[in-house]
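Convention: sequence-line order gives letters A, B, ...; per-chain numbering from 1.
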Number of protein chains: 2
Amino acid sequence: MPHNHEELLKHVSSEMPVDELLQDLGDLFKVFGDTTRIKIMYALHEDEMCVCAIADLLKMTQSAISHQLKVLKAANLVASRREGKTIYYRLADEHVKSIIAQGYEHITE
Amino acid sequence: MPHNHEELLKHVSSEMPVDELLQDLGDLFKVFGDTTRIKIMYALHEDEMCVCAIADLLKMTQSAISHQLKVLKAANLVASRREGKTIYYRLADEHVKSIIAQGYEHITE
DNA sequence: TTATCATATGAACGATTGCTCATATGTTCA
DNA sequence: TGAACATATGAGCAATCGTTCATATGATAA
């Protein structure tokens with residue numbers, strides 16, 4: 001007969017956040033889970049940059065960068081301001097830096 | 001003529017980590033970027049659990065959980081110990097908790 | 001207005017991902 | 001040894017993802 005975890009499950013499931021929140025958490029980290037987006041966030045670490053500067057820096061097309069900035073913005077990880085034709089992007093808040101910093105710590109042990 | 005960012009790019013690129021590290025960072029967060037894996041890590045937040053208990057908790061097949069645990073283990077996010085037929089998984093270190101906590105803070109503002 | 005620069009966006013395509021299903025491996029106990 | 005349990009794994013498939021390409025939108029200056 002398979003073994004029993006009723007008590008454990010009762011306790012653990014009472015501590016689990018609701019599904020919607022866990023889904024949102026996954027969706028947030030999914031945004032961090034791409035090298036291009038990580039690079040963009042790293043580039044914005046110190047100062048705002050315009051789209052074409054980011055594209056130059058990463059040696060990628062303007063379109064690809066623009067698509068990814070949209071993803072980052074939808075997740076509230078970057079914000080932007082317009083100045084004439086140019087649009088400058090910056091990190092939206094300090095969470096971005098601390099999440100990346102924690103990840104960095106993990107992989108560099 | 002397109003506008004110029006030479007100075008900015010020179011500075012920013014000097015501050016960028018090497019590509020391999022940025023790739024590793026992306027790969028790490030990719031692991032966090034799935035609801036099933038987030039749930040598993042949350043379940044292990046307080047105590048170790050065996051595979052079938054996790055499967056019961058999440059109402060998913062043993063196979064699906066086992067596949068995901070392999071991913072988590074490859075990323076050094078969980079560790080395991082055997083006790084007879086049963087294998088117990090636990091969080092590998094405190095980084096898991098702090099990364100999730102930072103993400104949690106971000107989405108709950 | 002027209003030309004040019006900066007950025008955004010939609011469709012399409014190849015690559016990756018997460019699950020299922022079937023089966024293999026490993027452990028215990030009779 | 002054989003049966004039952006716990007877990008792992010490989011193949012296959014649908015769904016998602018990230019890029020490219022073509023084109024649209026928006027702003028500025030002549």
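Summarising the local packing, CD of E6(B) is surrounded by 12 or fewer heavy atoms from other residues, nucleotides or ligands at distances under 6.0 Å. Taking a 6.0 Å sphere around CD of E109(B), one finds it holds more than 12 heavy atoms contributed by other residues, nucleotides or ligands. Atom OH of Y88(A) is surrounded by more than 12 heavy atoms from other residues, nucleotides or ligands within 6.0 Å.
To the nearest 0.5 Å, the span separating CD1 on I100(A) from CG on L25(B) amounts to 7.0 Å.
The interatomic distance linking D34(A) (CG) with dT17(C) (P) rounds to 11 Å, in whole Å. One can place NZ of K30(B) at 14 Å from C1' of dG18(C), the figure rounded to the nearest angstrom. Atom pair L69(B):CG and dT7(D):P shows a separation of 9 Å (rounding to whole Å applied). Rounded to whole angstrom, the span from the NE2 atom of H3(B) across to the P atom of dT4(C) amounts to 19 Å.
There is a side-chain donor-acceptor pair under 3.5 Å between S98(B) and Q102(A).
The shortest distance between the side-chain N/O atoms of K70(A) and the OP1/OP2 oxygens of dA8(C) is not below 4.0 Å. OP1 or OP2 of dA8(D) lies within a sub-4.0 Å distance of a side-chain N or O belonging to Y89(B). Between dC19(C) and Q68(B), a contact under 4.0 Å exists linking OP1 or OP2 to a side-chain N or O.
Nucleic acid contact for T86(B): sugar-phosphate only, since backbone atoms but no base atoms lie under 4.0 Å from a heavy atom of the residue. Y88(B) comes within contact range of no nucleotide atom at all, as no heavy-atom separation falls under 4.0 Å.
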For this session: Give the B/S/- string for nucleotides 25-30 of chain D, one per nucleotide from 5' to 3', where a protein heavy atom under 4.0 Å of the base yields B, of only the sugar-phosphate yields S, and otherwise -.
Result: -BBS--

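In this structure, the side chain of T108(A) engages the main chain of Y104(A) through a donor-acceptor pair within 3.5 Å.
Residue ring and nucleobase are not stacked for H67(A) and dT19(D) under a centre distance beneath 5.5 angstrom and an angle between planes beneath 30°.
In terms of position along DNA chain D, the nucleotide closest to A64(B) lies nearer the 5' end than the nucleotide closest to the other residue of the pair A64(A) and A64(B).
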Seminar exercise, completed: Pairing string of DNA chain C (Watson-Crick or G-U wobble, both atom distances under 3.5 Å; | = paired to other strand) is ||||||||||||||||||||||||||||||

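Residues C50(B) and H5(A) come closest through the heavy atom pair SG-CE1, 3.5 Å. Minimum interatomic distance between R82(B) and K85(B) (heavy atoms only, all atoms of both residues): NH1-O, 3.9 Å.
With Q68(A) as the fixed residue, the side chain to side chain contact (heavy atoms under 4.5 Å, CB included) test singles out one of T36(A), V78(A), V31(A): T36(A).
A donor and an acceptor atom sit less than 3.5 Å apart, one in the side chain of S63(A) and one in the base of dC21(D).
A salt bridge does not link R90(A) to D47(A): none of the charged side-chain nitrogens sits closer than 4.0 Å to a carboxylate oxygen.
Under the 4.5 Å side-chain heavy-atom criterion for Ile, Leu, Val, Met, Phe, Trp and Tyr, V71(B) and L44(B) are members of the same hydrophobic cluster.
Ring orientation note: the planes of H106(A) and H95(B) are nearly perpendicular, at an angle over 60° on the 30°/60° scale.
Looking at residues 37-62 of chain B, you'll see R37(B), M60(B), T61(B) sit with a heavy atom under 4.0 Å from some atom of DNA chain C.
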